[in-house]
Amino acid sequence: MKSFNSYIGRPMERVEDLRMVRGRGTYVADVNRPNQLYAVILRSSVAHGIIRSIDSSEALALPGVRRVLTAKDLGSKVPVIPLRLQPLPQLEPFHQPVLADEKVRYVGEPVALVIADSAAIAEDALERIVLDIEPLPAVANRSQAEAKRAVLFEEHGSNVAITWSAFRGNADEAFKTADYVRRETFKVQRHAAMFMEPRGFVAEWDEAAGKLTVWGAAKTAWHNRRTLAAQLGLALEAVDLIEVDVGGGFGSRGEFYPEDYLIPAAARIVGRPVKWTEDRREHIMSANHARDVECDVEFAVSRDGRFIGLRGQIWADIGAYIRTNGSVGPRNVAQFMSGPYCIEHIDLKSSMLTTNKTPCGTYRGPGRYETDFIRERMIDLAAQDLKIDRVELRRRNLVADAQMPYPLASITPYDSSTELDSGDYHAVFDRCLKEFGWDERTRLRGQLIDGYYHGLAIGSFIEGGAAGPKEEARLVLETDGALSVYIGSSSVGQGLETIMAQIAADAMEMSYDKITIRHGSTSYVKDGYGAYHSRSTVMGGSAILLAADKLKDLIRKTAGARLGCKAEQVVIDGEQASFGGEHLAFAGLSGVPLEVEAEFFNKKYTWAYGTQAAHVAVDPGTGHVKVIDFISVEDVGRMINPLTLHGQAIGSIVQGLGGAFLEHLVYDDEGQLLTGSFADYLMPTASDFPNIRSITVELKPCPNNPLGAKGAGEGGLIPVGGVMANAVADALSHLNVQPMELPLSPPRLWQLVEQAETARSAD
Amino acid sequence: MKPPIFEYASPSTVAEAVALLASKDGNAKVISGGQSLMPMLAFRLATPELLVDLKHLKNLDAISIGEDGVRLGAKVRWCDIESDARLAVSHPLLAEAIKHVAHYQIRNRGTVGGSVAHADPSAEMPGIAMTCGARMTIVGSAGARIEAAADFFTGPLQTSLQPDEILTEVHLPPWPAARRWAFLEFARRKGDFAMAGIALHYDLDGAGRIVDAHVGAIGVADRPIRLAAVEAMLNGNRLDDRLIAAASAKARQSVDPPSDIHAPGAYRAALVATLLARGLKKSAV
Ligand SMILES: Cc1cc2nc3c(=O)[nH]c(=O)nc-3n(C[C@H](O)[C@H](O)[C@H](O)COP(=O)(O)OP(=O)(O)OC[C@H]3O[C@@H](n4cnc5c(N)ncnc54)[C@H](O)[C@@H]3O)c2cc1C
């Protein structure tokens with residue numbers, strides 16, 4: 001009898017966990033090479049200025065200091081960081097040099113590298129480097145950027161690096177005739193991914209073999225390898241990037257940063273292994289920031305509550321340079337503002353402003369978190385103005401099943417279009433209302449209970465995933481019958497090894513325990529794309545399915561030859577290949593490992609979607625918001641592992657709540673970062689948001705990949721800012737408090753309450 | 001975030017410790033729980049040549065409760081206060097306030113002496129010392145002295161402690177069983193330093209009128225403060241909604257907190273007023 005595997009869909013515990021909870025993980029800080037030296041980085045403490053001189057003589061005089069590198073030591077032209085995504089030629093002037101050369105443009109920008117016998121000695125040496133920077137006026141926010149208080153790139157003549165344009169239909173016409181138009185401004189604060197393990201590298205140059213090995217890669221190892229090899233003038237094969245255990249990424253870790261060049265280059269220059277471990281203060285000022293947007297948008301709706309158009313201008317403060325994926329957030333804010341709703345007419349511009357702040361990049365749900373805040377707030381404001389119930393208003397405008405595939409706005413330059421692939425948006429919406437108990441709770445709206453006003457909100461979202469163009473898998477059936485799966489995906493803590501083993505086990509009809517997932521090195525497969533845009537499961541998993549088909553063919557061929565039959569006649573079942581009552585076990589099937597490779601190509605995004613509802617209570621005296629209940633329902637097409645997915649959803653929502661209430665990278669007007677540690681940059685802790693529920697459903701599989709799965713690591717976070725602001729507005733509806741800016745910090749809410757009370761008493 | 005190089009000593013008597021401090025001419029620092037000092041070293045905000053660790057000093061870790069009040073040795077940790085059941089009766093205000101200090105790990109190390117010497121304007125222990133009129137025992141090269149909290153706290157992270165002095169004890173005056181009290185603070189997250197907080201206690205005379213009101217606030221000035229105008233307003237009166245409203249308004253007027261990245265001063269002032277009103281209500285039940 002044929003046995004069927006069903007690992008996919010089972011809540012399997014992560015194979016990674018046991019290793020990690022026993023303290024046996026190997027993070028980059030655990031990697032040590034014989035004879036290694038330590039690097040620390042001198043970072044600019046000035047936001048904007050001209051480097052007049054760098055004198056490292058006193059630093060070099062300190063015992064144990066081996067070398068101080070500045071831009072001058074990097075050859076005639078300092079390497080710059082190329083763009084990985086949307087590599088438009090007109091963005092080249094904004095690329096970041098790996099060490100500041102003539103100018104510094106943000107606090108935290110690397111200026112020199114000290115290499116010493118210990119990190120402590122290197123830090124002592126930092127204090128002895130005399131850095132003479134002539135300060136220039138700084139640009140620290142939109143108004144200063146627009147007023148050209150200074151221009152970061154003088155050749156460019158303006159602080160507007162580029163403007164994206166999202167368009168659909170004919171917005172100008174539609175707005176002319178619309179029954180109702182509301183125009184509002186919104187702001188989402190700068191915050192960032194604060195993964196638990198900061199970045200780090202160990203680099204080793206083998207002079208004899210002409211080979212460079214770098215530990216500490218994550219996310220996009222192959223791309224980074226290409227970049228690094230080109231910068232160092234090495235052949236691709238001469239560079240190996242090794243991915244060890246990673247303590248979180250969230251889109252930020254693993255992108256190519258100055259240190260990705262500096263540490264390997266230093267190892268080559270000093271001829272000894274060099275280690276660098278980022279500390280938290282460095283992380284906060286040097287790893288990608290995110291979100292920082294303002295906008296001025298108009299929303300057109302018909303009298304009977306049909307969404308008609310979105311029009312307006314977005315300003316994304318992207319910091320001092322455009323790094324690898326710096327365009328993604330600003331572009332997404334414009335392209336995805338319509339979310340899961342039918343909005344026929346769209347004309348949104350998104351301008352990227354250069355400022356003297358840390359460069360921005362992607363952070364879980366890039367652009368989407370921001371744009372969902374704007375859209376969901378606009379919908380509630382329209383519902384209030386038009387006196388239409390906000391649940392009903394949303395239901396009326398969600399994209400219907402019959403409208404799929406539904407095209408979103410197109411975007412230019414670096415043109416792209418995408419369409420929502422499948423879904424029953426209304427079913428998920430109704431499920432969320434039901435699970436939440438919306439109807440029973442509505443009586444609490446606006447009620448004052450024990451000093452807290454209660455409020456509810458609901459909001460829907462879409463989550464794009466599965467960025468192309470391809471992913472690669474190599475499957476090796478070892479002679480002992482075990483299966484090694486090599487993939488181009490990477491692990492950033494999302495349980496990759498577990499998920500991929502489940503997929504491979506089902507595809508090969510093998511026991512899960514016989515499978516090892518190998519993703520740690522750029523030498524494992526020819527090419528790889530990595531972990532971003534919620535793509536690993538869909539892209540890597542689909543590549544495994546294709547490779548498994550090929551491997552089964554090879555097994556049949558091999559077995560057929562031994563059993564004296566045609567390959568097609570061989571039946572594979574229970575880790576054996578059989579024909580006519582004779583069975584050959586996978587173990588020992590062949591004297592050499594059987595090996596196949598496959599690539600999965602896909603340019604169509606997957607679109608998971610969902611709805612969230614929240615119940616909050618607001619203390620008007622302190623501005624404190626209690627999240628009493630929060631529920632997220634999402635359709636991911638096909639669930640590989642409910643347990644890991646649930647963890648992703650909850651974690652993602654908590655990050656969203658952090659952005660809604662706590663996290664804020666604050667700069668003063670001179671470009672000084674004021675939140676330089678976790679004492680001032682507030683992250684959610686375990687006790688802050690205990691009541692979060694997440695339900696995942698599988699209503700509509702993705703039509704564009706063999707798994708039917710949709711990318712699903714980011715979704716939970718996407719609408720949280722909007723839902724929370726709407727819930728707070730609902731709680732304080734008696735005062736008509738309307739938050740237009742995140743975070744919803746206690747002082748901000750208190751201020752809104754005070755203003756509303758003053759306005760009311762003036763009436 | 002690597003501390004600069006420093007020398008380290010762990011003497012076994014207060015006299016030795018004082019001598020070590022004196023020997024460095026202002027360039028030595030006491031380390032107790034290390035929960036405030038270590039971050040300062042890691043950020044290189046403090047760069048002492050010598051750390052004098054109090055860990056081997058005897059007799060500084062007791063909580064003594066007697067007729068004359070509660071005496072806290074400098075090395076008493078937050079977790080010691082938390083687990084001392086006697087304090088629920090002997091000094092409920094202290095016990096309540098200390099519940100708000102930091103997180104589990106930090107509570108296992110942070111000490112009364114360290115907190116009072118560090119003198120963070122938002123910290124609970126200095127707030128209680130100030131509100132209750134604690135007396136500090138201080139030992140230095142010149143011998144021992146006793147100082148009232150009101151004179152001890154001199155500015156932001158500043159006290160009257162001299163570089164060669166060690167704080168050995170904080171003495172809180174006796175606590176009558178019938179005393180009314182409240183402690184309330186508001187922090188962004190559990191365990192964070194308070195954005196503002198109030199501590200208060202008073203007694204009632206035979207006619208139910210307030211006597212000997214003590215009202216203190218943290219997080220609203222450069223040091224913990226007493227709100228004398230509020231105390232004056234409360235003394236001699238019966239607590240009712242009108243008095244509470246008036247006291248709350250008075251509290252708002254009598255503080256002038258600085259603005260910082262976390263909040264405008266006006267927010268903290270309003271917070272003190274809100275917390276005071278809530279605290280007074282709570283004290284009455
Ligand atoms: C994340 C975090 C959150 C915190 N939250 C709070 C909070 O909510 N509320 C709060 O009150 N505190 C908080 N703290 C601070 C904590 O309570 C500290 O433990 C306390 O402030 C200092 O005590 P310590 O024993 O660790 O002192 P140390 O760090 O050892 O010393 C602090 C200072 O006092 C001096 N010193 C120490 N002991 C003596 C002595 N006996 N005589 C003279 N000088 C001395 C030292 O030289 C140093 O300057 C927090 C700390 C952290 C890290």
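Quick caveat: nothing in here was measured; it's all calculated off a predicted structure. Below, chains carry the letters A, B, ... as their sequence lines are ordered, and counting in each starts from 1.
Contact annotation for residues 97-111 of chain B against chain A (heavy-atom separation below 4.5 Å): no residues qualify. Residues of residues 116-126 of chain A lying under 4.5 angstrom from chain B, judged on non-hydrogen atoms, are A:Ala119, A:Ala120, A:Glu123, A:Asp124 in numerical order. Within residues 667-683 of chain A, the residues having any heavy atom under 4.5 Å from a heavy atom of chain B are, by residue number, A:Leu674, A:Thr675, A:Ser677, A:Phe678, A:Ala679, A:Asp680, A:Leu682, A:Met683.
Contacts of A:His624 with chain B are made by both backbone and side-chain atoms, with heavy-atom separations under 4.5 Å. In this structure, chain A has no heavy atom under 4.5 Å from any part of B:Ala273. Looking at A:Arg748, neither its backbone nor its side chain comes within 4.5 Å of chain B, counting heavy atoms on both sides. The part of A:Glu127 that comes within reach of chain B is its side chain, from C-beta onward, which places non-hydrogen atoms under 4.5 angstrom from that chain.
The candidate from B:Arg44, B:His262, B:Arg268 with the greatest count of non-hydrogen atom pairs under 4.5 Å with chain A is B:Arg44. Ranked by non-hydrogen atom pairs under 4.5 Å with chain B, the options A:Gly621, A:Pro746, A:Ser687 are led by A:Pro746.
A 6.0 Å sphere centred on CG of A:Asn32 holds more than 12 heavy atoms belonging to other residues, nucleotides or ligands. More than 12 heavy atoms of other shown residues, nucleotides or ligands fall within 6.0 angstrom of atom NZ in B:Lys24. Other residues, nucleotides and ligands contribute only 12 or fewer heavy atoms inside 6.0 Å of the CD1 atom of B:Ile5.
The line from OH of B:Tyr267 to CG of A:Leu749 is 9.0 Å long, rounded to the nearest 0.5 Å. Atoms CG and OG1, on B:Leu275 and A:Thr622 in that order, are 8.0 Å from each other to the nearest 0.5 Å.
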Solution key, residues 190-198 of chain B side-chain donor-acceptor pairs under 3.5 Å, sequence neighbours excluded:
from: B:Asp192; atom 1: OD1; to: B:Arg189; atom 2: NH2; distance (Å): 3.1
from: B:Asp192; atom 1: OD2; to: B:Arg189; atom 2: N; distance (Å): 3.2
from: B:Asp192; atom 1: OD2; to: B:Arg189; atom 2: NE; distance (Å): 2.9

